[in-house]
Amino acid sequence: MCDADVDVCPVCGDAVSGYHYGLLTCESCKGFFKRTVQNHKSYTCAESQDCRIDKTQRKRCPFCRFQKCLRVGMRLEAVRADRMRGGRNRFGPMYKRHRALKQQKHALLHSHGLRVDYPTIISSPTRTPLTFPNITTTTTDRHQQTQSSSSSSSSSSSSSSSNFFQTQTRCESHHHHYHSSPLGAVYSGSPVPPAAAAAAAAVAAAAAAAAGGRCGSSSQAQFSGCFSPQGSALPRLLVEFLRCELDELQVQSKITGRLQQMQGEGGWGWGWGGHGEKLMYLMADQMLFYIVEWARGSVFFKELKVSDQMKLLHHCWCDLLALDIVSRQVQHGRQGSLILVTGQEVDLPAVVTPAGPLLRTLVQKGQELVDGFRKLLVDRNEIVCFKFLILFNTDVKHVENQSFVENIKEQVHRALLEYTLCAYPQFLDKFDQLLLCLSDLRALSTLTEEYLCSKNISGEVPCNNLLNELLHAKHNSM
DNA sequence: CTAGCCTTGATG
DNA sequence: CATCAAGGCTAG
């Protein structure tokens with residue numbers, strides 16, 4: 001018998017109780033996800049962050065359980081900030097479409113007689129853009145109901161992700177004269193920081209999930225056209241972008257670790273002012289390191305010559321930094337506070353009260369942008385597109401392969417348009433609204449750079465840092 | 001904390 | 001008025 005319609009929770013394999021936070025899950029994972037998001041829980045894994053999650057062991061490691069919730073596509077946005085009860089959310093239409101698709105599939109299966117052992121009946125020749133072996137295999141996998149396969153997405157992904165980063169060495173011939181600077185050091189081809197390698201596994205798994213790699217149910221993706229709640233038929237480009245994402249939790253723990261290291265015995269506070277402010281610069285510096293690392297490993301970008309890569313990065317690092325910070329607030333933040341990449345929460349009034357006018361406007365504009373993102377219901381997929389639109393900026397001068405940059409930018413535009421039309425059919429001008437948001441973000445970025453320059457932080461942080469270099473590179477080139 | 005059951009309230 | 005996915009409650 002076909003397993004495609006067995007309603008099994010994609011997180012733990014328990015019986016599904018309905019649609020919860022974007023997809024069909026069981027009651028317990030629903031509750032777990034809600035508690036975690038509502039209460040800003042943060043867990044740690046006692047093992048190696050790859051615990052098996054099934055019905056009997058799901059209580060054992062909340063860290064891995066939550067990771068799996070995200071990986072299979074449960075949506076943070078569906079947890080209401082205002083805790084309002086009842087009613088419907090924007091996923092309603094999506095649930096409805098998904099139900100219709102399931103029904104169609106059933107009808108199709110029955111019209112072919114009841115012999116439904118193999119999913120070939122519903123495979124569609126029109127949809128074969130999946131160039132990733134681990135994705136295509138999981139979608140046709142037929143022995144998923146066992147425990148071992150529930151983790152197949154993460155284990156099988158490591159192989160593809162490792163060569164993903166190994167291919168980087170191809171670019172190394174270009175890097176020779178950049179060694180002396182921090183950005184050069186990131187480019188120096190020295191072993192990729194462990195976070196990136198470790199994150200790659202989780203990243204590929206997340207992408208597999210986004211591409212319909214939910215192990216249990218085989219074929220929502222085949223009825224292409226629009227996107228199922230399981231996130232199946234995303235534009236091909238978007239799937240590739242998602243594969244390039246670093247894992248937030250991995251980066252978070254690496255940055256936290258490194259900052260604690262630097263903090264040393266001093267015991268600086270996390271507030272604003274004094275050592276806290278210094279720590280913020282160090283944190284931004286670390287974030288930039290990962291931003292560059294991400295760009296460097298990203299599809300298309302890594303095809304560019306290193307000199308072009310550096311020109312683009314010099315131009316957009318602050319946009320990417322601002323986007324990273326803003327989107328973190330959109331996802332996890334609360335009114336009146338700032339969530340740091342380390343997961344810590346800073347009280348905004350404590351930042352603003354002693355601040356100068358420039359920082360005040362910066363915080364205010366930032367808040368406005370976060371509100372704008374929220375009102376627009378900007379989702380993770382759109383943010384990923386933003387990152388590539390920011391990266392492939394056709395305004396950057398003296399880029400050798402300008403036509404490539406233009407080409408990619410156009411493709412991203414198309415993918416984003418296609419995505420918004422399909423994922424938010426009720427919201428026809430979402431694409432245009434998003435582009436407006438993006439220009440607001442650029443304005444915020446400019447303001448941020450001005451602020452950083454005005455602080456002349458070179459004395460505040462160790463001189464060998466990326467933040468300083470990028471600030472000055474921009475200054476010198478303009 | 002967990003997870004089963006309960007209450008709410010917009011949607012059709 | 002029925003549905004059903006949100007949030008709430010509470011024993012274990």
Side-chain angles (χ1 to χ4, degrees), chain A residues 5-47 49 51-106 147 150 209 214 216-217 220 226-232 249 330-335 343 345 373-381 422-428 430:
Chain A
D5 281 322
V6 176
D7 282 334
V8 160
C9 174
V11 179
C12 71
D14 202 350
V16 156
S17 72
Y19 288 92
H20 304 294
Y21 309 108
L23 37 65
L24 288 165
T25 75
C26 70
E27 194 66 19
S28 70
C29 289
K30 166 201 158 190
F32 170 76
F33 190 76
K34 181 186 71 177
R35 288 192 299 275
T36 302
V37 179
Q38 275 185 340
N39 305 325
H40 298 99
K41 291 273 165 54
S42 71
Y43 311 111
T44 49
C45 175
E47 303 289 322
Q49 310 196 333
C51 303
R52 265 188 192 58
I53 304 298
D54 58 37
K55 188 179 174 181
T56 57
Q57 299 191 68
R58 65 192 176 199
K59 287 193 221 177
R60 290 248 285 231
C61 182
F63 177 91
C64 290
R65 188 183 189 181
F66 187 58
Q67 278 221 315
K68 192 161 181 191
C69 286
L70 295 173
R71 197 164 73 221
V72 301
M74 290 183 79
R75 312 296 294 255
L76 295 162
E77 319 90 276
V79 178
R80 297 171 185 168
D82 57 6
R83 301 203 161 195
M84 194 194 302
R85 306 170 74 186
R88 292 286 141 89
N89 62 13
R90 71 185 171 87
F91 294 110
M94 189 170 73
Y95 297 148
K96 201 175 152 192
R97 265 182 290 143
H98 185 247
R99 252 190 278 268
L101 289 178
K102 278 182 68 168
Q103 210 159 22
Q104 267 184 52
K105 193 166 74 184
H106 244 102
Q147 262 101 308
S150 70
R214 175 190 161 191
S217 111
Q220 284 93 337
C226 275
F227 313 124
S228 78
Q230 322 300 141
S232 294
L249 290 171
V330 173
Q331 284 198 325
H332 310 289
R334 284 192 300 199
Q335 204 64 251
E345 199 167 350
F373 270 52
R374 287 225 175 94
K375 279 195 192 116
L376 249 188
L377 303 172
V378 180
D379 69 27
R380 180 169 129 267
N381 296 324
C422 235
Y424 303 90
Q426 257 70 315
F427 192 174
L428 285 176
K430 186 168 192 191

Practice item. Determine the contact category for A:Gly31: base if any of its heavy atoms lies under 4.0 Å from a base atom, sugar-phosphate if only primed atoms, P, OP1 or OP2 are that close, otherwise nothing. Key: nothing
Check your understanding: How would you label the contact of A:Arg65 with the nucleic acid (heavy atoms, under 4.0 Å): base, sugar-phosphate, or nothing?
Key ->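 Sugar-phosphate contact only - A:Arg65 comes under 4.0 Å of backbone atoms but never of a base.
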Which residues share a salt bridge (charged side-chain N to carboxylate O under 4.0 Å, His left out) with [X], sequence neighbours left out:
X: A:Arg58; value: A:Asp14
X: A:Arg35; value: none
X: A:Arg80; value: none

Practice item. Classify the side-chain pair A:Tyr43/A:Thr36 by whether it contains a donor and acceptor separated by less than 3.5 Å. Key: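 Yes, A:Thr36 and A:Tyr43 have a side-chain donor paired with an acceptor closer than 3.5 Å.
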Review point. What is the minimum heavy-atom distance between A:Gly22 and A:Tyr95, and which atoms define it?
Key: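 For A:Gly22 and A:Tyr95, the tightest heavy-atom pair comes out as N-OH, 2.8 Å.
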Review point. For the residue pair A:Lys430 and A:Leu376, what are the closest heavy atoms and their distance?
Key: CE-O, 3.1 Å
Point to revise | Contact boundaries on DNA chain C for chain A, cut-off under 4.0 Å to non-hydrogen atoms | key: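 Terminal contacting nucleotides, 5' to 3': C:dT3 to C:dG8.
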Check your understanding: In residues 77-88 of chain A, which residues come under 4.0 Å of DNA chain C by heavy atom?
Key -> A:Ala78, A:Val79, A:Arg80, A:Arg83, A:Met84, A:Arg85, A:Gly86, A:Arg88
Starting at [atom1] of [X] and ending at [atom2] of [N], how long is that distance when rounded to a whole Å?
X: A:Lys34; N: B:dT8; atom1: NZ; atom2: P; answer: 14 Å
X: A:Asp14; N: B:dG4; atom1: CG; atom2: C1'; answer: 11 Å
X: A:Arg58; N: B:dG4; atom1: CZ; atom2: C1'; answer: 11 Å
X: A:Phe33; N: B:dG4; atom1: CZ; atom2: P; answer: 19 Å
X: A:Asn89; N: B:dT11; atom1: CG; atom2: C1'; answer: 12 Å
X: A:Lys59; N: B:dG4; atom1: NZ; atom2: C1'; answer: 12 Å

Exercise for review: Answer yes or no: is there an ion pair linking A:Glu345 with A:Arg334, defined by an N-O contact shorter than 4.0 Å?
Suggested key: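 Yes, A:Glu345 and A:Arg334 are salt-bridged.
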Point to revise | Residues A:Arg90 and A:Glu77 bridged, charged N to O under 4.0 Å | key: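 Here A:Arg90 pairs with A:Glu77 in a salt bridge, since their nearest N and O are under 4.0 Å apart.
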Point to revise | DNA chain B contacts made by residues 35-47 of chain A, counting heavy atoms under 4.0 Å | key: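 Correct list: A:Arg35, A:Lys41.
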Check your understanding: So does A:Lys41 have more than 12 non-hydrogen atoms from other groups sitting under 6.0 Å from NZ?
Key ->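 Yes, enclosed.
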Check your understanding: Any chance CZ of A:Arg374 has more than 12 other-residue heavy atoms, nucleotides or ligands included, within less than 6.0 Å?
Key ->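 It does: A:Arg374 CZ has more than 12 such atoms within range.
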Practice item. Measure the acute angle between the ring planes of A:Tyr21 and A:Phe33, then classify it against the limits of 30° and 60° as parallel, tilted or perpendicular. Key: tilted
